[in-house]
Enquirer: 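Handing you this structure, nothing more for now.
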Amino acid sequence: MESKTIRFVRRGELVSLTNVPPDRTLLELLREDLSCTGTKEGCGEGDCGACTVVVAEPEDGALKYRAINSCIRLAHSIDGMALWTVEDLAGEDGSLHPAQEAMVQCHGSQCGFCTPGFAMSLFGMYQNHVCQGETVTRELAQEELSGNLCRCTGYRPILDAAQQMANLPRVQVDEGEILRQLEALRVRREQVASLGTYLDPRTLPELLALRAANPQAQIVAGCTDVGLWVTKMHMQFPQVLDVTRVAELKRVEQYEHHIAIGAAVTLTDAFDALVRERPQLKTFANRFAGLPVRNSGTLGGNVANGSPIGDSMPLLIALGAHVVLLSQRGHRDLPLEQFYTGYRKNVLAADEVVGWIKVPRPKSPHPGPLPQAGEGASGSTPSPRLRGEGGGEGEFLRAYKISKRYDDDISAVCLVVAMRIEDGAVAQVGIGAGGVAPTPARAVQTEALLRGRPWTLEAAQAAAASLPSEFRPISDMRASSAYRSEVLGNLMQRLWLESQGFEQINLESFRLAEATAP
């Protein structure tokens, strides 16, 4: 079987490459095939950002730029896109791009190994924000650079550079010309054949037909996990089925009672959709890996992968999400927690794919601390609410991630609780947990303990005692079993305090004042 030709736009020109193996990474293609050695290989797993490049494709008549990790992205996945590496930023006369010049002016580099990756993340930020006339704040810079690590410079001068580049003379990309080139590529693209080493269907019927005909093909999306199988485990895939071009699965659809997120929607766009419905999830979403990982990875891929430390699944389980499985035989709709049968195992048949994740919409959020009901555990009258009037009916949602690093790290424990309080009692509750079982799990026993019970300190303490007994976490490099069990109970107590108005117990509420020059 032959691999299709890869075509993409770089430096205003068409690049065409043939005989590229289906499991060759974009980093390998850049460094070994195109001699673009400015893009560095660091961790080889999407953690350090030294390999960052920027890709762009048409979206609503304009270019959408995304900084991605080239070390774990398959080369064929950029077919039909525009690509920038660090070698492409400077002008023909050698003048530096604002992203580069700002790094020089702000002394944002020491050893320099990580600098190309930072420059590319800054370039993506420049195109998506500065060129759109947006103000570059410190907070925005921290979000956009969350996937890039520096071991020697420290982040202050790099964050300074992120803000400084907006003050330099503007450099524009000729988007009109690139859009014309990409449209020409789209028109000239070969139809997906029924045989080949890299299958990338464009429609849902085509995907389902290819899956039925090629059940042995490795399904990929953003490759933020499968890419590690290539770089770390040295696995080889003779045939790959890429779902990220399927138009029907790249959409977020709005319905009266739920939103349907297609399996090919990137984590960035999926979390944006969830945050629009529930703004309190913003920090939790930002802490899911780094931006380049979220720009490549998909929600469907995270769900299908089924890692017990995948952060999206506890959230989705707590919200009552369903997963829709598709094949030529029809579709199946089931609660997300029923999708998993064991460690990284699920109910998918050989001819099925994950199609959509259906997430119930919130009826309304609680405007403040939850109303207290009844007496506390000590028998004393509960204290008055500490902030605001609160009250009313609605969803009270908290998502907690415990990890060794605050940003760009994997959870030791993840706990998400969504409650609906009516007349002072828990009318509805969903609890999803990660890192404490072989699969992402629902805390069924603790939910049953709380449902219908007045939401009091006594109820919260009972739930804090129930959660650790419901799971049997393992000890590993991230945390011990005892620590994980203890944290589960502590998080439920934190939930109680936050429901009563306490804020300073959570790092989300902590703000570090920016230093000003004397």
Enquirer: Quick one: do the Asp311 and Ser411 side chains pair a donor with an acceptor below 3.5 Å?
Expert: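 Side chains of Asp311 and Ser411: pair found under 3.5 Å.
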
Enquirer: Provide the closest heavy-atom pair for Leu267 versus Phe288 in the form atom of the first, atom of the second, distance.
Expert: CD1-CE2, 3.4 Å

Enquirer: Flag yes if more than 12 heavy atoms outside Asp93 fall under 6.0 Å of its CG atom; otherwise flag no.
Expert: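 Yes, enclosed.
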
Enquirer: Could you report the tightest heavy-atom contact between Ser121 and Leu145, atom names first, then the distance?
Expert: CB-CD2, 3.7 Å

Enquirer: Measure from the side-chain N and O atoms of Lys4 to the backbone N and O of His76, and report whether any donor-acceptor pair falls under 3.5 Å.
Expert: no

Enquirer: Considering only NZ, NE, NH1 and NH2 on the basic side and carboxylate oxygens on the acidic side, decide whether Asp272 and Lys282 come within less than 4.0 Å.
Expert: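 No, this pair does not count.
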
Enquirer: Using side-chain contact (heavy atoms from CB on, under 4.5 Å), reason through Phe284 and Val275 one step at a time and then give a plain yes or no.
Expert: CA-CA 10 Å; Phe284 183 77; Val275 169; over 6 Å; no

Enquirer: Inspect the surroundings of CG in Asn19 and state if more than 12 heavy atoms from other residues, nucleotides or ligands are less than 6.0 Å away.
Expert: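 Incorrect, the count does not exceed 12.
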
Enquirer: Distance from Ile158 atom CD1 to Ser109 atom OG, nearest 0.5 Å?
Expert: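 Rounded to the nearest 0.5 Å, the CD1-OG separation comes to 8.0 Å.
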
Enquirer: Please evaluate residues Phe8 and Val55 with respect to the criterion side-chain contact (heavy atoms from CB on, under 4.5 Å), reporting the C-alpha separation (whole Å), side-chain torsions for both, the decisive distance (0.1 Å), and the verdict.
Expert: CA-CA 10 Å; Phe8 57 91; Val55 295; over 6 Å; no

Enquirer: Apply side-chain contact (heavy atoms from CB on, under 4.5 Å) to Met235 and Gln218, showing your working.
Expert: CA-CA 11 Å; Met235 295 178 65; Gln218 175 62 48; 5.9 Å; no

Enquirer: Does CZ belonging to Arg151 count more than 12 external heavy atoms closer than 6.0 Å?
Expert: no

Enquirer: Using modelled atom types only, decide if a donor and an acceptor are shared between the side chain of Asp160 and the backbone of Gln163 within a distance under 3.5 Å.
Expert: no

Enquirer: To the nearest 0.5 Å, how far apart are CG in Leu182 and CD in Glu177?
Expert: 10.0 Å

Enquirer: Can you tell if the side chain of Gln254 reaches within under 4.5 Å of the side chain of Glu277, non-hydrogen atoms only?
Expert: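 In short, these two side chains touch, coming nearer than 4.5 Å.
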
Enquirer: Checking the side chain of Asn286 only, and the main-chain atoms of Glu143 only, is there a donor and an acceptor separated by less than 3.5 Å?
Expert: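 Between the backbone of Glu143 and the side chain of Asn286 there is no qualifying donor-acceptor contact (under 3.5 Å).
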
Enquirer: So do Arg398 and Arg494 actually touch side chain to side chain, heavy atoms under 4.5 Å?
Expert: no

Enquirer: If you measure only the distance, is there a donor-acceptor pair under 3.5 Å linking the side chains of Thr244 and Asp242?
Expert: yes

Enquirer: Please determine if Arg180 and Glu183 form a salt bridge, counting it only when a charged side-chain N lies under 4.0 Å from a carboxylate O.
Expert: no

Enquirer: To the nearest 0.5 angstrom, please state how far the NZ atom of Lys250 sits from the CZ atom of Arg202.
Expert: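 Going from the NZ atom of Lys250 to the CZ atom of Arg202 covers 8.5 Å.
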
Enquirer: Look at the side chain of Arg287 and the backbone N and O of Lys401, then say whether any donor-acceptor pair between them is shorter than 3.5 Å.
Expert: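 Checking the backbone N and O of Lys401 against the side chain of Arg287, a donor-acceptor pair under 3.5 Å is found.
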
Enquirer: Can a donor-acceptor pair be found, under 3.5 Å and without considering hydrogens, that links the side chain of Thr231 to the backbone of Glu45?
Expert: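 Checking the backbone N and O of Glu45 against the side chain of Thr231, no donor-acceptor pair under 3.5 Å is found.
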
Enquirer: What distance do Leu27 atom CG and Ser70 atom OG have between them, rounded to the nearest 0.5 Å?
Expert: 4.0 Å

Enquirer: Looking only at atom types and distance, does a side-chain atom of Asn69 sit under 3.5 Å from a main-chain N or O of Thr52, one as donor and one as acceptor?
Expert: no

Enquirer: Using modelled atom types and a 3.5 Å cut-off, is there a donor and acceptor pairing between side-chain atoms of Gln239 and backbone atoms of Gly196?
Expert: yes

Enquirer: What I'd like to find out is whether the side chain of Arg24 reaches to under 4.5 Å of the side chain of Leu17, using heavy atoms alone.
Expert: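 Result no, sub-4.5 Å side-chain heavy-atom pair not found.
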
Enquirer: Any side-chain heavy-atom pair from Leu326 and Trp356 closer than 4.5 angstrom?
Expert: yes

Enquirer: Is the shortest side-chain heavy-atom distance between Leu149 and Tyr155 below 4.5 Å?
Expert: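 Sidechains of Tyr155 and Leu149: in contact.
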
Enquirer: Over all heavy atoms of both residues, which pair between Pro98 and Pro169 is shortest? Give the atoms and the distance, please.
Expert: CG-O, 3.6 Å

Enquirer: To the nearest 0.5 Å, tell me how far Glu57 CD sits from Ile78 CD1.
Expert: 11.0 Å

Enquirer: Ignoring hydrogens and angles, tell me if any N or O in the side chain of Tyr65 forms a donor-acceptor pair with the backbone of Phe123 under 3.5 Å.
Expert: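 Not at all, since once roles are kept as given, no pair shorter than 3.5 Å links the two residues.
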
Enquirer: In terms of side-chain geometry, is the basic nitrogen of Asp33 or Arg31 positioned less than 4.0 Å from the acidic oxygen of its partner?
Expert: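 No.
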
Enquirer: Looking only at the side chains, is there a donor atom on one of Arg10 and Thr85 sitting less than 3.5 Å from an acceptor on the other?
Expert: yes

Enquirer: Under 3.5 Å, is there a donor on one side chain and an acceptor on the other for Glu139 and Thr137?
Expert: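 The answer is no; no qualifying pair exists.
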
Enquirer: Using every non-hydrogen atom in the two residues, find where Asp23 and Phe237 come nearest and quote the distance to one decimal.
Expert: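 So the minimum-distance heavy-atom pair works out to OD2-N, 3.0 Å.
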
Enquirer: Side chains of Ser146 and Asp408: donor-acceptor distance under 3.5 Å anywhere?
Expert: no

Enquirer: Where do Phe113 and Gly42 come nearest, in terms of heavy atoms and distance?
Expert: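 Heavy atoms of Phe113 and Gly42 come nearest at CE2-CA, 4.1 Å.
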
Enquirer: Report the distance from atom CD of Glu134 to atom CG of Asn128, rounding to the nearest 0.5 Å.
Expert: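 The CG atom of Asn128 is 8.5 Å from CD of Glu134, to the nearest 0.5 Å.
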
Enquirer: Show the numbers, then the answer: is there a side-chain contact (heavy atoms from CB on, under 4.5 Å) between Ile219 and Val354?
Expert: CA-CA 10 Å; Ile219 293 182; Val354 174; over 6 Å; no

Enquirer: So, does Lys232 use its side chain to make a donor-acceptor pair with the main chain of Gly44 at under 3.5 Å?
Expert: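 No; judged by distance alone, with no hydrogens or angles, the pair does not exist.
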
Enquirer: Is there a side-chain contact between Met81 and Leu83, using heavy atoms and a 4.5 Å cut-off?
Expert: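 No; the side chains remain at least 4.5 Å from each other.
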
Enquirer: Is any side-chain heavy atom of Glu144 less than 4.5 Å from a side-chain heavy atom of His129?
Expert: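 Side-chain contact under 4.5 Å: yes.
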
Enquirer: Look only at the side chain of Glu59 and the backbone of Lys64, and say whether a donor-acceptor pair between them is shorter than 3.5 Å.
Expert: no

Enquirer: Considering residues, nucleotides and ligands other than Arg156, do more than 12 of their heavy atoms fall under 6.0 Å from its CZ?
Expert: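 Incorrect, the count does not exceed 12.
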
Enquirer: Any idea which heavy atoms bring Asp269 and Arg66 closest together, and the distance?
Expert: OD2-NH2, 2.7 Å

Enquirer: Is the CD atom of Gln172 crowded by more than 12 outside heavy atoms at less than 6.0 Å?
Expert: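 Correct, the count exceeds 12.
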
Enquirer: Kindly indicate, with the supporting measurements, whether the criterion salt bridge (Lys or Arg N to Asp or Glu O under 4.0 Å) is fulfilled by Arg251 and Glu253.
Expert: CA-CA 6 Å; Arg251 299 194 294 258; Glu253 299 176 349; 3.3 Å; yes

Enquirer: Do Val487 and Tyr400 have side chains that get closer than 4.5 Å, going by heavy atoms?
Expert: no

